[in-house]
Amino acid sequence: MKATAKAHTNIALIKYWGKRDERLILPTNNSLSLTLDGFYTKTTVHFRNDLLRDVFYLNDTVVSGEAYNRVTKFLDLVRQQFGKQDLYADIRSTNAVPTAAGFASSASGFAALAAASTRALGETMTEEALSQLTRQGSGSACRSIYGGFVEWQMGMKADGSDSYAVPVAPAHHWDVRVAAVVLNATEKDVSSREGMKRTVDTSLFYQGWLDGIPQDLIDIKDGIRHRDFEKLGAIAEANCLRMHATTLGAIPPFTYWNHLTVQVMETVRQMRQIGIPAYFTIDAGPNVKVLYLPEYEYKVEQTLRELPGVADVILSRPGEGITYL
Ligand code: 2P0
């Protein structure tokens with residue numbers, strides 16, 4: 001009753017920003033992401049008869065508190081789904097993702113946990129069913145089941161049975177690179193969960209955000225199909241800016257950006273002015289991810305590393321979906 005799975009994180013090009021059901025984690029809009037090879041979580045789940053509660057180690061350190069509760073709550077769902085309420089697990093994860101700084105470590109984390117725990121129970125699941133289950137751990141995680149370009153279909157049903165990710169194009173379709181720019185900044189102070197809730201509940205700009213999604217999805221999928229980088233980048237950047245605009249219209253207003261964030265955004269725009277096709281996207285934290293093509297890697301990396309306040313630049317290629325080890 002033991003299995004190990006590896007999952008990569010993903011970067012949203014069309015953002016998931018808001019829930020219509022918080023318990024089932026059902027979103028208010030479709031989102032689209034690229035799975036990244038650079039950041040992953042490897043998790044071994046061992047269900048054992050002799051345990052009286054779950055134990056969870058992250059990078060060899062025992063975990064308690066909120067992070068532990070989220071993991072056991074998710075395993076409760078798995079146990080309930082497969083009628084194994086009396087079995088507890090030893091869970092060991094290694095995370096190759098800088099946590100809590102706008103990198104979706106919860107995406108690779110819950111995808112690996114869902115895959116390893118169901119496999120440990122001897123269950124073989126369709127990718128669709130696995131994505132649906134994973135979604136209930138963390139929304140963006142449901143996209144990490146697949147490699148390459150992935151769309152999370154929000155679905156319409158109240159029970160969430162039609163809310164899961166589907167593949168758009170595999171990793172080998174197009175070598176779009178992502179530079180994660182790590183800034184000398186502390187952890188974010190508004191979690192993505194809290195941020196999206198406040199925005200849905202109070203932002204005057206929220207309807208505007210939703211109104212832009214259908215056309216963004218049509219355009220970005222067209223850009224992916226034709227490997228049109230300017231199209232992909234321009235849509236992703238504009239979509240990111242509209243997501244972040246909703247936070248300024250919330251009550252109380254907030255932003256995930258700091259002065260270093262704005263500086264990187266400006267640098268990316270300047271790169272475009274001198275003929276380097278690069279575009280930015282930003283999640284629920286101050287760090288910036290820069291999209292570029294392989295032939296510009298050297299120039300993009302050097303330019304970003306030279307900026308004051310940049311602690312690190314981590315490069316990624318398109319990554320694969322779930323693998324079992
Ligand atoms: C995304 N983010 O699409 C968006 C863009 C942040 C900004 O998904 O509450 O950790 O667990 O469903 O998935 C981050 O939120 O939130 C996120 P929950 P999650 O990647």
Side-chain angles (χ1 to χ4, degrees), residues 7-36 39 41 66-67 69-71 73-74 77 95 97 99-114 131-146 149-155 160 163-165 168 178 180 187-188 190-201 203 206 209-210 212-213 216-217 220 235-247 250 254-257 261 280-289:
H8 293 96
T9 192
N10 66 78
I11 176 74
L13 305 176
I14 304 297
K15 305 294 186 190
Y16 148 48
W17 195 242
K19 295 182 181 74
R20 67 178 197 278
D21 183 315
E22 297 196 5
R23 187 180 61 84
L24 290 171
I25 309 196
L26 298 175
T28 48
N29 65 274
N30 287 26
S31 55
L32 187 146
S33 60
L34 177 61
T35 303
L36 301 178
F39 311 114
T41 304
E66 185 51 32
N69 292 340
R70 272 186 81 177
V71 165
K73 228 180 102 194
F74 182 77
L77 277 179
N95 225 352
V97 187
T99 35
F103 294 92
S105 61
S106 67
S108 54
F110 279 99
L113 181 65
S131 177
Q132 238 189 85
L133 173 67
T134 303
R135 187 200 75 228
Q136 296 171 67
S138 184
S140 54
C142 81
R143 300 185 305 235
S144 279
I145 300 305
Y146 296 100
F149 296 89
V150 182
E151 181 174 3
W152 175 9
Q153 301 183 332
M154 62 178 281
S163 185
Y164 49 81
V168 171
V178 178
E187 294 194 357
K188 60 191 178 192
V190 182
S191 71
S192 49
R193 249 180 213 192
E194 184 191 336
M196 64 174 95
K197 177 162 171 46
R198 192 189 303 173
T199 307
V200 171
D201 291 347
S203 180
Y206 195 69
W209 157 254
L210 291 179
I213 297 288
D216 278 358
L217 280 166
I220 206 159
I235 299 292
E237 196 172 289
N239 182 271
C240 153
L241 289 170
R242 257 184 273 119
M243 175 205 129
H244 285 271
T246 66
T247 71
F254 65 106
T255 181
Y256 289 109
W257 303 352
T261 313
F280 62 77
T281 187
I282 304 160
D283 287 332
N287 291 336
V288 182
K289 284 87 172 180

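Both backbone and side-chain heavy atoms feed into the values below; hydrogens, waters and symmetry mates do not. Just so you know, ligand 1 is whichever comes first in the structure, and atom 1 is the first atom listed for that ligand. None of the values given here were measured: they were computed from a predicted structure.
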Exercise for the section: Mind checking side-chain contact (heavy atoms from CB on, under 4.5 Å) for Val71 and listing every partner two or more places apart, or none if nothing turns up? Expected result: Phe56, Ile91, Leu113
Handout entry: N/O separation below 3.5 Å, Ser138 to ligand 1
Key = yes
Handout entry: Minimum-distance pair of heavy atoms, taken over all atoms of Glu151 and Asn30
Key = OE2-ND2, 2.9 Å
Exercise for the section: Output yes when Arg70 and Glu66 qualify as a salt bridge under the 4.0 Å nitrogen-oxygen rule, no when they do not. Expected result: no
Practice task
State whether the shortest distance between N or O atoms of Tyr16 and N or O atoms of ligand 1 falls below 3.5 angstrom.
Solution key: yes
Practice task
Show which atoms of ligand 1 fall inside a sub-4.0 Å distance from at least one heavy-atom site of Arg193.
Solution key: 9 (O), 11 (O), 18 (P)
Handout entry: Nearest heavy-atom neighbours spanning Asp283 and Lys15
Key = OD1-NZ, 2.6 Å
Practice task
Run the numbers for me: atoms of ligand 1, each under 4.0 Å from some heavy atom of Ser192, listed by number.
Solution key: 10 (O), 14 (C), 15 (O)
Exercise for the section: May I ask you to check whether Ser31 and Arg143 show a side-chain donor-acceptor distance below 3.5 Å? Expected result: yes
Handout entry: Thr281 side chain to Leu13 backbone, donor-acceptor under 3.5 Å
Key = no
Fill in the blank from the handout: The atoms of ligand 1 lying under 4.0 Å from a heavy atom of Ala12, numbered in the order shown, are 1 (C), 3 (O), 20 (O)
Problem - Arg20 versus Thr28, side-chain donor and acceptor atoms under 3.5 Å - result: no
Completion exercise
In ligand 1, the atoms that come under 4.0 Å of a heavy atom of Arg143 are 1 (C), 3 (O), 20 (O)
Handout entry: ligand 1 atoms in contact with Ile25 (distance to a heavy atom under 4.0 Å)
Key = 12 (O)
Exercise for the section: Taking side-chain contact (heavy atoms from CB on, under 4.5 Å) as the test, write out the residues that go with Lys197, two or more places apart. Expected result: Glu22, Asp201
Practice task
Check each atom of ligand 1 against the heavy atoms of Lys19 and keep those under 4.0 Å away; list them by number with element.
Solution key: 9 (O), 12 (O), 18 (P)
Handout entry: Face-on cation placement of Arg135 at Tyr164 ring, 6.0 Å and 45° thresholds
Key = no
Handout entry: Contact check, Ser106 vs ligand 1, heavy-atom distance below 4.0 Å
Key = yes
Practice task
For ligand 1, find out whether one of its N or O atoms is nearer than 3.5 Å to an N or O atom of Gly137.
Solution key: no
Handout entry: Arg70 neighbourhood, listing ligand 1 atoms whose heavy-atom distance to it stays under 4.0 Å
Key = 11 (O)
Practice task
State the atoms of ligand 1, each with its element, that fall below the 4.0 Å cut-off from a heavy-atom position in Met196.
Solution key: 15 (O), 16 (O)
Practice task
Quick one: look at Ser31 and ligand 1, take heavy-atom pairs under 4.0 Å, and tell me if it's side chain, backbone, both or neither.
Solution key: neither
